[in-house]
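What follows is a set of notes on a single structure, which appears directly below.
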Protein chains: 2
Amino acid sequence: MTNVTKIEPAKVSNKYAQKKVAALEAAAAVFAAKGFHGATTDDIASEMGIKQGSLYYYFKSKEQALQQVCEYGFDHYVARMEKICAKSQPFEAKLLAIITSHLVSYRQKNNALKVHNDQRLYLPKEQRGALKELGSRYRRLLEATLREGIEQGAVRAEIDTHFIAYSIIGICNSWGATLVRDDEIDLFETIEQCAELILRGTLTGNKNHE
Amino acid sequence: MTNVTKIEPAKVSNKYAQKKVAALEAAAAVFAAKGFHGATTDDIASEMGIKQGSLYYYFKSKEQALQQVCEYGFDHYVARMEKICAKSQPFEAKLLAIITSHLVSYRQKNNALKVHNDQRLYLPKEQRGALKELGSRYRRLLEATLREGIEQGAVRAEIDTHFIAYSIIGICNSWGATLVRDDEIDLFETIEQCAELILRGTLTGNKNHE
DNA sequence: ATAAATTTCTATAAAGCTATAGAATTTATC
DNA sequence: GATAAATTCTATAGCTTTATAGAAATTTAT
């Protein structure tokens, strides 16, 4: 099956693949800093050291670039989540790993993830299908972790796992955005405090009590 | 003191003031929907039923429109926070009022507030001074409320009030954005669940326990 | 009714942006 | 080293957008 796509002639070379990643990261950096509409294709091209017109060797359009950046960042992130959830661990450890993964991503200036969070809604709905799929997968994993916690007896049975999952994501995104902007903030302290806030709100019997 | 500004000739008429508000709200709606860079001055003008060029009777520039929309939305919001905090109430009631105020704002499609949250960073720093001031004021009020809670014995003394204040804002913004997008979600249930998540994470002795 | 002030409109200059085509250059292959 | 393939460049067509100027229309005041 020497499958050569109709749309993209060769573009299977080693170099192409590498530079495509560079293109994605340049686009991610620029979109993260200026927003999708605020960024120009020239900004992105400059960021990767080529001319504006050459960028179209890597992206069919600016919009396609946004789409691919979002998928690139989010896919990676969901994959990591899957590894964490696959392990058999007590609830608290898992939650800590999830928060850590989320916030470390941001501190490492994972621009693509930031772009996914802030800019994906500027994509037309039809082009958000894959992202929505990934997003649900992530939330389902988080909800499953919460249900595991309930089964383990660590988490109160009455909680609304959907609501809590969403809230966890919200807190992490909010702190994540702050961490990116302010280098002074201590990453690991933030992680611990997030965990403490969430845990003491979800743990049966309120462990860790002074 | 018949103070006539140099920059704005007359523009003190009744009608002007009214239409200026309409202009702010049109701009807010458009910026909220399309983002600052994604929106055009023609979008805003159309929204208020005038022609593109006429918009400049109300705003000096598109950027000034963004600035004024942000201040308009946020100022209103901080003012309401001040009223809530002025009352002498038990901690839990106050927190509930704060969350309610925040989320109700969103559900009422308070576009200006959404624009403040999502788009203010596209303003040059020099034009963000007033907003930063309002933001700190809001956070200080929230932190003071938490300290009150500690004094009342309702809140654990070891919490980091700054961190918790920030997290509350983060959760509310996150749910607020969701509430705007999805009319199906029950507003008051969301308020209660937010409060429950935060309270059980901050209350001494873990009240409300099943 | 007339004059003055306010508000809106039309038209346009100036600039910026996306996307494409085809030439030029670099890299890989035989 | 010659040929083919891959990559980048230049130049530009075709739009869109912001902001301004001055005319026109509307409203308010005399």
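Below, chain A is the first sequence line, B the second, and so on; all start at residue 1.
- Remark: side-chain polar atoms of B/R107 are not paired, donor with acceptor, to backbone N or O of B/V180 under 3.5 angstrom.
- The nearest whole Å value for the distance from the CZ atom in B/F59 to the P atom in C/dT7 is 14 Å.
- Residues that satisfy the ring pair (Phe, Tyr, Trp, His ring centres under 6.0 Å) test with B/Y122, not counting sequence neighbours, are B/H37.
- Of the residues B/L142, B/N173, B/T145, the one that meets the side chain to side chain contact (heavy atoms under 4.5 Å, CB included) test with B/I168 is B/L142.
- In this entry the distance linking NZ of A/K62 with C1' of C/dG16 reads 11 Å, nearest Å.
- Between the CD atom in A/Q127 and the CD atom in A/E63 there is a gap of 4.5 Å [rounded to 0.5 Å].
- Put simply, CD1 on A/I44 is 12 Å from P on C/dC17, counting in whole angstrom units.
- No donor-acceptor pair closer than 3.5 Å links the side chain of B/K94 to the backbone N or O of B/E148.
- Applying the Watson-Crick and G-U wobble criteria (two distances, each under 3.5 Å), C/dT27 pairs with D/dA4.
- A cation-pi geometry, defined here as NZ or CZ lying under 6.0 Å from the six-membered ring centre and within 45° of its normal, does not hold between A/K114 and A/Y106.
- In this entry the distance linking NZ of B/K60 with C1' of D/dA21 reads 18 Å, nearest Å.
- Residue B/Y56 places at least one side-chain N or O closer than 4.0 Å to OP1 or OP2 of D/dA19.
- Contact check, A/K19 against D/dT8: a side-chain N or O comes under 4.0 Å of OP1 or OP2.
- The only option from A/D43, A/D42, A/D118 that meets the salt bridge (charged side-chain N to carboxylate O under 4.0 Å, His left out) definition with A/K34 turns out to be A/D43.
- Taking atom CG of B/D43 as the reference point, atom P of D/dT16 lies 13 Å away to the nearest angstrom.
- Note on residues 161-181 of chain B: no pairs pass salt bridge (Lys or Arg N to Asp or Glu O under 4.0 Å), not counting sequence neighbours.
- Sorted by residue number, the members of residues 45-55 of chain A with any non-hydrogen atom under 4.0 Å from DNA chain D read A/I50, A/K51, A/S54.
- For C/dT7, one of the phosphate oxygens OP1 or OP2 lies less than 4.0 angstrom from a side-chain nitrogen or oxygen of B/Y57.
- The shortest distance between the side-chain N/O atoms of A/Y58 and the OP1/OP2 oxygens of D/dT7 is not below 4.0 Å.
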Give the B/S/- string for nucleotides 22-30 of chain D, one per nucleotide from 5' to 3', where a protein heavy atom under 4.0 Å of the base yields B, of only the sugar-phosphate yields S, and otherwise -. ---------
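- Whole-Å rounding puts the B/Q64 CD to D/dT20 P distance at 11 Å.
- By the 6.0 Å contact criterion, CD on B/Q89 is enclosed, its count of non-hydrogen atoms from other residues, nucleotides or ligands being greater than 12.
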Listed pairs under 3.5 Å, donor-acceptor, residues 130-138 of chain A side chains, sequence neighbours left out:
from   : atom 1 : to     : atom 2 : distance (Å)
A/S136 : OG     : A/K132 : O      : 2.7
A/R137 : NH1    : A/E82  : OE1    : 3.1
A/R137 : NH1    : A/E82  : OE2    : 2.8
A/Y138 : OH     : A/Y77  : OH     : 2.8

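- The backbone N or O of A/A165 lies less than 3.5 Å from no partner atom in the side chain of A/R139, so there is not a single donor-acceptor pair.
- For DNA chain C, the neighbouring residues in residues 30-42 of chain A, judged by any heavy atom under 4.0 Å, are A/A39, A/T40, A/T41.
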